Engineer: 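Quick one: structure below, then a few questions.
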Amino acid sequence: MTGWTGKMLRVDLTAGETSVEELCRHDLRDFVGARGLGSRLLYVAGAYAVDPLAPENPLIFATGPLTGTYAPSGGRYNVLCRSPLTGAIAASNSGGYWGPELKFAGFDLIYVTGKAASPVYLWVNDGRAEIRPADGIWGKTVSETEDAVRAQTHPEAKVACIGPAGERLVRIACVVNDKSRAAGRSGVGAVMGSKNLKAIAVRGTRPVRVADKEGFKAARKRAMEKILSHPVTSGGLPTYGTAVLVNVINAHGAFPTRNFQTGVFAEAERISGETLAKEYLVRKKACFACSMACGRPTLIPSGPFKGSGEGPEYEAAWALGADCGVSDLAAVTAANWQCNEMGIDPISYGATLACAMELYQRGYLTREQAGREMRWGDGQLLVEGVRLTALREGIGNLLAEGSYRLASEFGHPELSMTAKKQEYPAYEPRAVQGIGLNYATSNRGGCHVRGYTISSEVLGIPEKLDPLVPDNKAFWVKAFQDATALVDSSGVCLFVTFAIGAPEIADLLAAATGEAYTTESGLLAGERIWNLERMFNLKAGFTRADDTLAPRLLSEPMPEGPARGQVSRLEVMLPEYYRLRGWDEEGRPTEETLARLGLKW
Amino acid sequence: MVAVPAVQVQLFATLREVTGTSRLALEASSVREVLSLLASQYGEELRRRLFTPAGQLQETVAVLVNGRNIRFLQGPDTPLRAGDTVTLIPPVAGG
Ligand code: SF4
C-alpha cells in the first residue's frame with residue numbers, strides 16, 4: 001500500500017505476545033487513519049462497554065496516511081481508547097517525531113490490549129516488536145524515561161511514554177513523546193499506566209511511499225505556497241507561538257479567569273506570549289516536516305523556578321495562569337515543565353486546581369480538608385501541585401480525579417467547568433457563542449480542537465463571525481467539526497488549516513493513497529468519523545442531557561468586559577445543530593443519516 | 001469647541017515591535033482617526049501593516065473598540081468616546 005503501510009501491530013500484554021495484522025482497505029479509505037481509523041477499531045471492539053482502566057480497554061496509537069510523508073506538518077498521531085476521565089471516546093493528538101517513526105518502522109498503528117504482570121516497555125524496530133521489562137524505568141519522569149529507554153534500545157529511537165501520573169492512574173494523565181509533545185487530553189496516560197506499559201520506543205528506516213509521486217509533489221507545493229504566504233502560518237504563528245493569543249482573547253473578554261468567574265484577567269499581559277518571548281524564550285522548535293515551528297523551548301535563568309523546558313503554549317498559559325489567578329509567568333512556565341515531566345495534561349490540571357480554589361473561596365473545601373490554603377494566584381501551590389497530583393499525595397489525590405469528581409466530592413459539581421467531565425479549554429462560551437456549542441457537542445468532552453470556531457469568531461479565518469450572536473453558529477460548528485475530523489485522521493497538524501482546507505488535504509490524500517479523495521468525499525469522511533464517535537458515546541450511555549455546559553455559563557451573565565451581560569445561548573444553537581447533523585431530537589443519528597454515511601452495520 | 005476624546009490604544013505582537021510600544025494615549029474621535037494618526041506617527045512600516053496599497057484597512061488586521069471588533073460596530077467610522085480602548089491585532093493565531 002501507499003500512504004498507509006496497511007499493517008498494524010497487535011500487542012497483548014497479558015499474554016506477552018505481539019503479532020502483525022493487515023488492515024482492511026475499506027476501513028482505511030472510509031475512516032482515513034489516525035483518529036478515524038482508531039475510532040472504527042474501538043467501535044468494532046465494543047470498547048464503549050468496557051471499564052476504561054480494565055485490561056480489555058484497547059489502547060491504540062494510530063498514524064494517518066499523510067504521517068511521515070512530507071505533507072506539510074505531517075507528523076501527527078493519535079492515542080485512542082475509552083477515556084477514564086469522561087467515559088466517552090478518547091482521541092488525543094500529538095506531534096513531534098514519534099508518529100512518522102512508527103510509519104518508517106512499517107506500521108500504521110499499534111493496538112494494545114491486556115495488562116502486563118509487571119511494568120514493561122515496547123520496542124518496535126523496523127517491523128519487529130519486543131516486550132521488555134521496565135523495572136528500572138518505572139517511576140521515572142518523562143525525560144528520564146525517554147533517556148533510559150533510548151539507552152536500552154537505539155540512540156535514534158523515538159519514545160512515547162507516561163510519567164508518574166500515568167503510572168498512578170491519574171485521570172488527567174497524558175502520553176508524552178519527544179519529551180514535550182503530548183497526546184494530552186482525556187486521561188489516555190492513565191490507560192497506558194493501567195496496562196503497566198511505561199513506554200513505546202520506535203525506530204524505522206523505511207520511507208513512506210506515495211501512490212503518485214509527481215502528483216504528491218505538486219499537491220504539497222500548492223499547499224506549502226499557501227502556508228508560506230498566509231500571514232498567520234508564515235508570520236503570526238511562527239513568530240509568537242500560540243501564547244500570543246493571551247492578550248488577544250483577553251481583549252475580547254473571552255479569557256476565562258478564576259474558574260470562569262469572569263472573562264477578563266487584569267494581569268493577562270504578565271503571562272502573555274509577548275512577555276514570554278521577552279523573558280524566557282530560548283528559540284523556536286518544530287515538529288516533523290513543519291515550517292510553522294510553534295514549539296517554544298524556554299529557560300528561567302534564576303529565582304525559585306529556575307530551570308528549563310518547553311512551553312507554555314496558549315492553553316497552558318491560560319489554565320495555569322488566568323484560570324488559577326496566577327500572574328507570575330515564572331510559576332506558570334515551571335508548572336508547565338512539571339506537567340511535561342510528570343505526564344499531566346496542563347489544561348485539565350490547571351482547570352481542576354482552579355475548581356479547587358473556587359471551592360475553597362466559597363468555603364466548600366476547608367483548609368483542614370485540603371491540608372493547606374488554596375488561594376487564587378498562589379504560584380508555589382501551582383507548581384508543587386503538579387507533583388502532588390502525579391503522586392496522588394495530599395490534595396493531589398483529589399486533583400488527580402479531575403474537576404468533576406473533585407467538585408462532586410464536596411457537593412458542588414456545578415463548579416466543575418467541564419463538558420462530559422472534561423475541563424474546558426481557554427475560551428469563554430459566554431463571550432464566544434459558537435465555541436460553547438462546540439464544547440457541549442464535542443465527542444471527547446470540553447475541547448477546542450474538535451471544532452475551533454475561534455478561528456472564525458475571533459481571528460476571522462476563513463470568515464469573520466460575530467462572537468456574541470448565536471445565529472448560524474450550528475452550521476459553522478458542524479463544518480469545523482467535520483473538517484477537523486478529516487484533518488486529524490489524515491495525520492497533518494490542525495494548524496495548517498489557518499491557510500489550507502479540505503481541497504488541499506484531499507489532494508494530498510489522493511496522491512498519497514491512490515484513493516479518489518475529493519473535497520466532498522474527504523468532508524464526508526470527516527462527517528462519518530464524527531457520527532461514528534457519536535455512536536460510540538451513545539452506546540457508552542451518553543444522552544442529549546450530556547450535550548450541555550456548566551450552569552454558570554448558561555445562567556450567570558458575564559460580569560464585565562465586552563461580553564458583559566451575556567450567557568451562552570446553547571438552547572438556541574443545539575436543536576439547530578441536531579437538525580443540521582441529521583440527528584433526532586434526542587441527538588441520535590437517524591437511520592437515513594447512518595445510511596448516507598455508510599455507517600449502517 | 002468640543003474636545004477631542006482622549007483614548008487608549010493597545011498594540012499586540014508585531015505591531016508592538018514596529019512601534020516600540022504596547023500602549024499609548026491619543027486624541028481621536030473615530031477609529032479612522034486613530035489609524036491615520038498612528039500611521040503618520042510611526043511611518044511606512046506601520047502603514048503597510050495596517051492598510052492595503054489602496055488605503056483600505058487590511059482584512060487580516062483586527063481592530064477592537066472596548067473589545068468589540070469594529071466590523072460589528074461601524075467599521076473605521078466607529079465613533080470614540082473619552083476613555084475608550086482601541087486594540088489593534090495583527091494576524092496571529094494559536095489554539
Ligand atoms: S504547527 Fe506547531 S504543533 Fe503543529 S506541527 Fe508545527 S510545530 Fe508541531
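Just so it is clear, the structure is predicted and the values come from calculations on it, not from any experiment. A, B, ... follow the sequence lines: proteins, then strands. Residue 1 opens every chain.
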Engineer: Could you walk me through whether Leu11(B) and Glu274(A) pass side-chain contact (heavy atoms from CB on, under 4.5 Å), step by step?
Structural biologist: CA-CA 11 Å; Leu11(B) 300 156; Glu274(A) 288 92 336; over 6 Å; no

Engineer: Crowded around Arg81(B) CZ? As in, over 12 foreign heavy atoms under 6.0 Å?
Structural biologist: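 For Arg81(B), atom CZ is not crowded (no more than 12 foreign heavy atoms under 6.0 Å).
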
Engineer: Counting only heavy atoms closer than 4.5 Å, note whether Ala62(B) contacts chain A via side chain, backbone, both or neither.
Structural biologist: neither

Engineer: Considering only heavy atoms, which portion of Leu245(A) lies under 4.5 Å from any heavy atom of chain B: side chain, backbone, both, or neither?
Structural biologist: side chain

Engineer: Between Phe12(B) and chain A, with a heavy-atom cut-off of 4.5 Å, which part of the residue counts as in contact: side chain, backbone, both or neither?
Structural biologist: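 For Phe12(B), backbone and side chain are both near chain A.
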
Engineer: By a 4.5 Å heavy-atom criterion (distance strictly below it), what part of His252(A) contacts chain B: side chain, backbone, both, or neither?
Structural biologist: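 The answer is both parts of His252(A).
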
Engineer: So which heavy atom on Leu237(A) is nearest to which on Ala93(B), and how close?
Structural biologist: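 Taking Leu237(A) first and Ala93(B) second, the nearest heavy atoms are CD1-O, 3.4 Å.
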
Engineer: Counting only non-hydrogen atoms closer than 4.5 Å, does Asn69(B) touch chain A with its backbone (N, CA, C, O), its side chain (CB onward), both, or neither?
Structural biologist: side chain

Engineer: With a 4.5 angstrom heavy-atom cut-off, which part of Ile347(A) approaches chain B: side chain, backbone, both or neither?
Structural biologist: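 When you check distances to chain B, no heavy atom of Ile347(A) falls under 4.5 Å.
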
Engineer: Return yes when atom NZ of Lys464(A) has more than 12 non-hydrogen atoms of other residues, nucleotides or ligands closer than 6.0 Å, and no otherwise.
Structural biologist: yes

Engineer: Given a strict heavy-atom distance threshold of 4.5 Å, which part of Val244(A) is in contact with chain B: side chain, backbone, both, or neither?
Structural biologist: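 It is the side chain, since no backbone atom gets that close.
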
Engineer: Under a 4.5 Å cutoff for heavy-atom pairs, which residue among Thr233(A), Val458(A), Leu459(A) has the most contacts with chain B?
Structural biologist: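 Highest number of heavy-atom pairs under 4.5 Å: Leu459(A).
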
Engineer: Heavy atoms only, distances under 4.5 angstrom: which of His230(A), Glu313(A), His448(A) has the most pairs with chain B? Name it, please.
Structural biologist: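 The answer is His448(A).
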
Engineer: Below 4.5 Å from any heavy atom of chain A, which atoms of Thr14(B) appear? Answer side chain, backbone, both or neither.
Structural biologist: both

Engineer: Could you give the distance from OG1 (Thr239(A)) to CD (Glu17(B)), rounded to the nearest 0.5 Å?
Structural biologist: 7.5 Å

Engineer: Identify the two heavy atoms, one from Pro562(A) and one from Gly67(B), that lie closest to each other, and give their separation to 0.1 Å.
Structural biologist: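 Result for this residue pair: CG-CA, 3.4 Å.
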
Engineer: So, do Arg68(B) and Pro467(A) sit near enough that their side-chain heavy atoms are less than 4.5 Å apart?
Structural biologist: yes

Engineer: Just by distance, do the side chain of Tyr240(A) and the backbone of Val92(B) share a donor-acceptor pair under 3.5 Å?
Structural biologist: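 Flag not set: sc Tyr240(A) to bb Val92(B) has no pair under 3.5 Å.
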
Engineer: Any salt bridge linking Glu269(A) with Arg16(B)? Criterion: basic side-chain nitrogen under 4.0 Å from a carboxylate oxygen.
Structural biologist: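 Result for this pair is yes, salt bridge flagged.
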
